[in-house]
Amino acid sequence: MVSSDITIRTARLADAEAIAGITAFNAGKGVMLERSPENVIENIRNFLVAEHDGTVIGSCAIAFFTLHLAEIRTLAVLDSFKRRGVGSLLVGKAEEVLREEGVTTAFVLTLSPVFFLSLGYREVNKEMFPQKIWRDCTNCPKLMACDEIAMIKELDGEMAG
C-alpha cells in the first residue's frame, strides 16, 4: 500500500514549520504533544520526514538516552496520508539510523499501541525508562495523568534496510 513516490530523509531547517504544523494538528486532536517551531528547529537533526511531491507529509524524531537506548518520538502523518504505510516507513528508517549508531533497544510512548505491535514492539512498564521521565515527563502537562503506553523493540540481531 506504500506509494513509491514517498521519500524518507533527514529533516532540514526549511522543514521545521511543516513538522510543527503536522504535530500541532495532531496535538489538537489529543493524540500527541505539540512541538513548537523553535523546539523543532533546536532538534532538527533528530527529525526524519516523509516527503511526497516536495511536500512534507509526516515526521518522527529520535532521542538518544544511552549508548544502547533511544526513543522514537513525535511520529505524525497528515490525515490524507494515514493508513498508507507512511508511519511504518518513518519508524523503519528511524530504526535503521538507530542500528547504525549501535543502539540495541528502541522505545516509544504512544496512544497507538496496535500500530507499534504490528511493527514488533511490545508493551512494558513506563518506569523502565527513568531517563525519559526525568528528562521529558517532568515538564509534560500530562505528568500526573499520563495515558501513553510504553513499548520497546530490541533492534540487535536485525539487519538494517
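In what follows, every heavy atom counts, from backbone to side chain, and hydrogens, waters and symmetry copies are set aside. Note that the structure is predicted; figures quoted are calculated from it, not measured.
In this structure, Phe116 and Tyr121 have perpendicular ring planes: the angle between them is above 60°, well past the 30° mark.
We find the CG-CD1 distance between Asn43 and Ile62 to be 12.0 Å, quoted to the nearest 0.5 Å. We find the CD-CG distance between Glu123 and Leu117 to be 7.5 Å, quoted to the nearest 0.5 Å. Atoms CD1 and CD1, on Ile57 and Ile22 in that order, are 8.0 Å from each other to the nearest 0.5 Å. A distance of 6.0 Å separates CD1 of Ile6 from CZ of Phe81, quoted to the nearest 0.5 Å. Atom-to-atom distance recorded for His52:NE2 and Asp5:CG is 4.5 Å, nearest 0.5 angstrom. Annotation: the span from His68 atom NE2 to Leu98 atom CG amounts to 12.5 Å, rounded to 0.5 Å.
Within the structure, the salt bridge (charged side-chain N to carboxylate O under 4.0 Å, His left out) test picks out no pair touching residues 106-116 (sequence neighbours left out). Applying the salt bridge (charged side-chain N to carboxylate O under 4.0 Å, His left out) test to residues at least two apart or on different chains, the pairs with a partner in residues 49-65 are Arg9-Glu51.
Hydrophobic clustering of Ile, Leu, Val, Met, Phe, Trp and Tyr side chains at less than 4.5 Å, counting indirect connections, keeps Val114 apart from Leu111. Hydrophobic clustering (ILVMFWY, side-chain heavy atoms < 4.5 Å, transitive): Phe25 and Val49 are in distinct clusters. Tracing side-chain contacts under 4.5 Å through hydrophobic residues (I, L, V, M, F, W, Y), one never reaches Leu67 starting from Val97; they form parts of separate clusters.
Closest of all the heavy-atom pairs between Val56 and Asp15 is CG2-OD1, 3.6 Å. Here the closest non-hydrogen pair linking Ala94 and Cys60 is CB-SG, 4.1 Å. Contact detail for Ala16 and Ile41: the closest heavy-atom pair is CB-CG1, 3.5 Å. Residues Leu90 and Ser59 share a closest heavy-atom pair of CD1-N, 3.5 Å. For the pair Ile8 and Ala50, the tightest heavy-atom approach, listed with the atom from each and the gap, is CD1-CB, 3.5 Å. Looking at every heavy atom in both residues, Gly87 comes nearest to Phe115 through C-CZ, 3.6 Å.
Partners of Ala61 according to the side chain to side chain contact (heavy atoms under 4.5 Å, CB included) rule, which considers only residues two or more places apart in sequence or in another chain, are Phe47, Arg73, Thr74.
Using a 4.0 Å cut-off between charged side-chain N and carboxylate O, Glu96 and Arg99 make no salt bridge.
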request  = Please lay out, stage by stage, how Thr105 and Leu155 fare under the test side-chain contact (heavy atoms from CB on, under 4.5 Å).
outcome  = CA-CA 5 Å; Thr105 305; Leu155 301 176; over 6 Å; no

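Listed for the Lys153 side chain is a donor-acceptor partner under 3.5 Å among the backbone atoms of Leu119.
In this structure, Ile152 and Leu69 have side chains that are not in contact, with every pair of non-hydrogen atoms separated by 4.5 Å or more.
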